[in-house]
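All residue numbers in this chain count up from 1 along the given sequence.
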Amino acid sequence: RVCVLERYLVPGGSGARYRREGYSFDVGASMIFGLGEGAGYTNLLTRALRLVSKRVESIPDPVQVHYHLPEGLDVQVHREYEEFLRELISKFPHEEKGIRSFYGHCWNVFNALNSMELLSLEDPSYLLAVFALHPLSCLTLLRYIPFNTGGFAREHIRDPALLRFIDIECFIFSVVPAGSTPMINSGMVFCDRHYGGINYPRGGVASMAEALVEGLRERGSVVEFGARVTGVLMEGGEAVGVRMADGREIWGKAVVSNATRWDTFGEKGLVPPEETPELEKRFLKNYVKTPSFVSVHLGVRADAIPADTVVHHVFLEDWKKMECSQDAEGVIFLSIPTVLDPSLAPAGQHIFHVFTPSFIDEWQGLNAAEYAAKKAAFASRLIARLETRFPGLGAAVSFQEVGTPRTHRRYLGRRDGTYGPMPWRPAAGGGTGGAPGDTPLAGLLAMPFNRTAVRGLYCVGDSAFPGQGLNAVAFSGFACGRRVAVDVGVEKRGVPKGVDDALSDVLGVKRLEWFSRN
């Protein structure tokens with residue numbers, strides 16, 4: 001049996017919902033990948049639901065995102081791939097060959113991923129089997145794994161404005177520009193939006209997590225909410241269970257942490273400092289925390305929204321501020337899920353979920369009155385910026401609630417409310433990624449797999465391979481499930497245990513030891 005201990009009060013974490021005054025708000029993003037029904041293996045959310053005999057009805061989104069960018073660059077990413085290419089090429093006709101070539105590389109990655117079952121890359125028997133069945137796909141992925149997206153983009157594209165567009169294409173799912181976004185992740189995202197498409201779960205994003213919980217419980221597993229884990233129980237250097245805030249101790253054959261790496265091993269982490277291996281300490285030398293977000297949930301009169309409005313928008317007025325994470329001056333993400341599902345709001349109303357990157361530092365040291373005033377000012381600034389597209393938006397707001405990095409830290413239990421790890425080796429004294437002296441890491445070669453250097457303890461989520469983004473985290477879950485199932489004897493090993501352990505150690509621990517020193 002599986003025992004799931006969720007700190008939050010309802011299913012989903014950042015994929016949960018909350019209700020206010022007749023509105024049902026998605027806590028996090030509403031742009032959902034991996035819910036396609038087509039052939040192949042990249043529809044990871046659909047596959048996860050099938051494993052517990054569940055299905056979530058979804059609504060196809062004809063446009064992934066509408067970009068409103070500096071210098072009047074206005075681009076819609078249509079579900080139909082050629083329609084998207086035609087629109088982008090109409091903005092950069094001199095770069096048609098480069099555009100098709102760059103996105104062609106993305107399709108190379110996606111088609112390779114989509115041709116094989118996506119499981120654990122630290123399971124030698126899986127690797128041997130999948131290589132025997134799909135040798136060309138495996139070799140294709142090996143070609144791209146060491147590289148970030150920006151390098152490939154620059155090989156095919158020369159126009160600086162178009163390269164900046166590729167940067168923000170990466171930024172909207174990884175919160176870093178193309179130069180720091182692994183090519184594998186970009187290939188998955190840039191192509192799945194056309195292959196499986198963006199599909200919004202009817203009733204809200206939380207319906208997926210709610211269905212998974214129902215399916216797990218029907219199979220005899222235990223799922224607890226409001227269950228705060230305070231530590232990992234260790235015995236002879238091995239993880240054997242967890243300690244709860246209410247004093248209980250829960251023992252198991254394997255322990256899987258969906259907390260960030262910093263919350264699992266860092267200062268005040270779940271693993272005692274004296275039990276934390278040196279390799280996990282080195283993670284802090286290879287990655288820094290991305291910013292969190294300020295989220296503004298609005299109820300807006302429907303008559304203030306043009307009839308042709310799509311669901312997802314990205315706003316930026318100055319390219320120099322793309323990575324800005326303070327004072328509401330960076331990229332604005334906007335989702336209007338009621339365009340697809342009006343049932344989420346009262347009649348005659350729309351939901352606006354407006355969010356922008358923000359580090360927790362600018363929200364610290366405030367008393368209650370200062371905190372409330374800063375939230376109100378932040379929201380007003382974001383609304384004012386959106387009025388270039390939605391004139392009179394401020395006057396049409398009928399409901400408003402603001403969450404900050406402190407909110408994400410409190411309810412999601414993430415260190416500093418961070419979105420996840422940024423692949424930058426910080427300079428001496430630390431850094432926030434991209435600061436003077438910081439060094440970007442290449443591709444996914446330094447990203448840890450699910451096994452940790454502590455026997456019996458696994459990490460899953462955005463602090464494990466292949467990193468941030470919905471599809472990446474779903475992949476991490478499938479990979480971890482496979483590795484744990486083999487280790488506890490639920491799945492058969494394809495090679496002797498000694499060979500399995502030795503090869504897995506080379507693929508995981510030894511690989512990380514080398515990259516953490518180089």
* Salt-bridge present (D462, R414; N to O < 4.0 Å) -> yes
* Can we call the ring centroids of F110 and F190 under 6.0 Å apart? -> no
* Should E117 and R47 count as an ion pair when the cut-off is N to O under 4.0 Å? -> yes
* Counting N and O atoms only, with roles assigned by atom type, does the side chain of R202 sit under 3.5 Å from a partner on the main chain of D341, one being a donor and the other an acceptor? -> no
* Within a strict 4.5 Å, meaning less than it, do heavy atoms of the F390 and P306 side chains meet? -> yes
* Mind checking the CD-CZ spacing from E80 to R86? Nearest 0.5 Å is all I need. => 7.0 Å
* **Any donor-acceptor pair under 3.5 Å from S24 side chain to R19 backbone** => no
* Can you check whether F293's main-chain N or O pairs, donor with acceptor, with S358's side chain at less than 3.5 Å? -> no
* Checking R193 against F173: charged group under 6.0 Å from the ring centre and within 45 degrees of the axis? -> no
* Asked: Can you find a pair of side-chain heavy atoms, one from W262 and one from D416, that are under 4.5 Å apart?
  -> no
* To do: Ignoring hydrogens and angles, tell me if any N or O in the side chain of S335 forms a donor-acceptor pair with the backbone of P337 under 3.5 Å.
  => no
* Asked: Would a line drawn from the ring center of F478 to the ring center of Y41 be shorter than 6.0 Å?
  -> no
* To do: Might you point out which heavy atoms bring G196 and R79 nearest each other, and give the distance in Å?
  => O-NH2, 3.1 Å
* **Salt-bridge contact D318-K320 (side-chain N to carboxylate O under 4.0 Å)** => no
* Do the side chains of L45 and F33 get nearer than 4.5 Å, heavy atoms only? -> no
* Does a side-chain heavy-atom distance below 4.5 Å link R17 with V10? -> no
* Asked: Closest approach of Q468 and P421, non-hydrogen atoms and distance?
  -> OE1-O, 2.6 Å
* Asked: Charged N to carboxylate O under 4.0 angstrom, E317 versus R385?
  -> yes
* Donor-acceptor pair, side chain of D26 and main chain of V205, under 3.5 angstrom -> yes
* Hey, does the side chain of R381 reach the backbone of D327 with a donor-acceptor pair shorter than 3.5 angstrom? -> no
* Asked: Going by atom types alone, do D74 and H66 pair a side-chain donor with an acceptor below 3.5 Å?
  -> yes
* Is there a donor-acceptor pair closer than 3.5 Å between any side-chain N or O of N450 and the backbone N or O of Y458? -> no
* Asked: Could you walk me through whether Y419 and H408 pass the side chain to side chain contact (heavy atoms under 4.5 Å, CB included) check?
  -> CA-CA 9 Å; Y419 181 68; H408 290 280; over 6 Å; no
* Whether Y103 and Y81 hold their rings parallel, tilted or perpendicular, with breakpoints at 30° and 60° -> perpendicular
* If we ignore angles and hydrogens, is there a donor and acceptor under 3.5 Å between the side chains of S398 and Y23? -> yes
* Asked: Charged N to carboxylate O below 4.0 Å: is that the case for R100 and E96?
  -> yes
* Okay, side chain of T46, backbone of L35: is any donor-acceptor separation there less than 3.5 Å? -> yes
* Minimum heavy-atom distance C138-F131, with the two atoms named -> CB-CD1, 3.5 Å
* Determine, stepwise, if the pair F25 / H353 fulfils side chain to side chain contact (heavy atoms under 4.5 Å, CB included). => CA-CA 8 Å; F25 293 108; H353 181 194; over 6 Å; no
* To do: For residues F225 and V213, determine if any side-chain heavy atom of one lies less than 4.5 Å from a side-chain heavy atom of the other.
  => yes
* **Interatomic spacing from CG in L316 to CD1 in I172 - rounded to 0.5 Å** => 12.5 Å
* Do the side chains of K374 and E362 get nearer than 4.5 Å, heavy atoms only? -> yes
* With the side chain counted from C-beta on, respond yes when T140 and V109 share a heavy-atom pair under 4.5 Å apart, and no when they do not. => no
* Is the backbone of R158 close enough, under 3.5 Å, to the side chain of E95 for a donor and an acceptor to pair up by distance? -> yes
* Establish, yes or no, whether a centroid distance under 6.0 Å links the rings of F165 and F92. => no
* Assess whether side chain to side chain contact (heavy atoms under 4.5 Å, CB included) is satisfied between E169 and V77, documenting all intermediate values. => CA-CA 10 Å; E169 279 260 80; V77 179; 4.1 Å; yes
* Going through the distances and angles, do E401 and Y18 end up as a side chain to side chain contact (heavy atoms under 4.5 Å, CB included)? -> CA-CA 11 Å; E401 192 156 52; Y18 77 94; 3.0 Å; yes
* **salt_bridge(E37, R55) N-O dist < 4.0 Å** => yes
* Residue pair H105 / Y144, side-chain donor-acceptor N/O under 3.5 Å -> yes
* Asked: What distance separates I360 CD1 from T418 OG1, expressed to the nearest 0.5 Å?
  -> 10.0 Å
* Taking all heavy atoms of P466 and all of F475, pick out the closest pair and write down the distance. => CD-CD2, 3.4 Å
* Asked: Are the side chain of N111 and the backbone N or O of W107 linked by a donor-acceptor pair below 3.5 Å?
  -> yes
* Taking the side chain as every heavy atom from C-beta outward, state whether W319 and D167 have any atom pair closer than 4.5 Å. => no
* **Considering all heavy atoms, the nearest Q349-G299 contact** => OE1-C, 4.0 Å
* **Value rounded to 0.5 Å, distance of NE2 in H312 from CD in Q76** => 12.5 Å
* Inspect the surroundings of CZ in R410 and state if more than 12 heavy atoms from other residues, nucleotides or ligands are less than 6.0 Å away. => no
* Asked: Looking at C170 and T181, what are the two nearest heavy atoms and their distance?
  -> CB-OG1, 3.4 Å
* K289 side, atom NZ; R415 side, atom CZ - distance, nearest 0.5 Å -> 6.5 Å
* Side-chain donor-acceptor pair present, H94, D159, cut-off under 3.5 Å -> yes
* Asked: CG/L85 to CD1/I99 distance, rounded to the nearest 0.5 angstrom?
  -> 7.5 Å
